Participant: 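Quick one: this structure, given as structure tokens, is what I'll be asking you about.
Just so it is clear, the structure is predicted and the values come from calculations on it, not from any experiment.
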Number of protein chains: 2
Amino acid sequence: MPEEEEQIIYIGKKPTMNYVLAAVTIFNNGFDEIAIKARGRAISRAVDVAEIVRNRFVDGVKLKDIKISTEKVTNERGETSVSSMEIYLTK
Amino acid sequence: MPEEEEQIIYIGKKPTMNYVLAAVTIFNNGFDEIAIKARGRAISRAVDVAEIVRNRFVDGVKLKDIKISTEKVTNERGETSVSSMEIYLTK
């Protein structure tokens, strides 16, 4: 079984429960830490995913750390800034 | 001047810059700590507000703490859960 190897879930536009089940599956496969990462409007969904996993699905999951930052993104209209968030859950 | 007295900004549906300017005004009036609070979809905007204040507007503002939790909300359709977030900035 892998240990101390952080798995990353990137939050996009799929339904919240898809990410919740992905996280639950990762924990059930023996991993002890998950990083849930999101940018822009997906940040709200990242918090939902972390809270649902923590409160309803996996016993003993704790919030280890939350980080917020600003990333530069280049698109067709030039460079813009977008907020990003990382939520670390451990079992 | 007030000290060690936390001011709270609740993030709603106004434009992001309205909240940024509210936070800047509070810091410029001698307060050392602001809690930015949001629920549901407003959480993304709360992160934007914190990042803009921190990176562009007020020198020496630091991220003190970030908390996420789940709140029960009762509306006409009964009781539902909503994610909430608190971001603490200090000067």
Participant: Below 4.5 Å, heavy-atom pairs only: which of A/Ala46, A/Ser69, A/Gly40 has the largest tally toward chain B?
Facilitator: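 Most pairs with chain B among the choices: A/Ser69.
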
Participant: Quick check on the hydrophobic clustering: are A/Ile87 and A/Tyr10 connected, directly or via other members, by side-chain heavy-atom contacts under 4.5 Å?
Facilitator: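 Different clusters: A/Ile87 never reaches A/Tyr10 through Ile, Leu, Val, Met, Phe, Trp or Tyr contacts under 4.5 Å.
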
Participant: Is A/Ala50 close to chain B through its backbone or its side chain, or both, or neither, when contacts mean heavy atoms under 4.5 Å?
Facilitator: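 For A/Ala50, side-chain heavy atoms alone lie under 4.5 Å from chain B.
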
Participant: Taking every heavy-atom pair that is under 4.5 Å apart, which of B/Ser44, B/Ala38, B/Ser81, B/Ala42 has the most such pairs with chain A?
Facilitator: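 The residue among B/Ser44, B/Ala38, B/Ser81, B/Ala42 with the greatest pair count is B/Ser44.
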
Participant: Go through the atoms of B/Ile66 and report whether side chain, backbone, both or neither lie under 4.5 Å from a heavy atom of chain A.
Facilitator: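 It is both, since atoms from each part get that close.
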
Participant: Kindly give the heavy-atom pair with the smallest separation between A/Tyr19 and A/Gly12, and that separation in Å.
Facilitator: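 Minimum heavy-atom separation between A/Tyr19 and A/Gly12: OH-N, 2.9 Å.
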
Participant: Checking B/Asn55 against chain A: side chain, backbone, both or neither under 4.5 Å from a heavy atom?
Facilitator: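 Just the side chain, heavy atoms under 4.5 Å.
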
Participant: Strictly below 4.0 Å, N to O, side chains only: are B/Glu71 and B/Arg39 in salt-bridge contact?
Facilitator: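 A salt bridge is present here (some side-chain N lies under 4.0 Å from a carboxylate O).
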
Participant: For the residue pair B/Phe27 and B/Leu89, establish whether any side-chain heavy-atom pair is separated by less than 4.5 Å.
Facilitator: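 B/Phe27 vs B/Leu89: side chains touch.
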
Participant: At a heavy-atom separation under 4.5 Å, does A/Ile68 approach chain B through its side chain, its backbone, both, or neither?
Facilitator: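 Answer is both: backbone and side chain atoms of A/Ile68 are under 4.5 Å from chain B.
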
Participant: Between A/Ser83 and B/Asp48, is there a side-chain donor-acceptor contact under 3.5 Å, judged purely by atom types and distance?
Facilitator: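 Yes.
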
Participant: Just checking, is any N or O donor in the side chain of A/Thr70 or B/Glu51 under 3.5 Å from an acceptor N or O on the other one?
Facilitator: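 There is such a pair (donor and acceptor under 3.5 Å, judged by atom type) between the side chains of A/Thr70 and B/Glu51.
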
Participant: Does any heavy atom of chain B fall under 4.5 Å from the side chain of A/Ile52, the backbone, both, or neither of them?
Facilitator: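 Interface part for A/Ile52: neither.
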
Participant: Is it the backbone or the side chain of B/Arg54 that comes under 4.5 Å from a heavy atom of chain A, or both, or neither?
Facilitator: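 Just its side chain gets close to chain A.
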
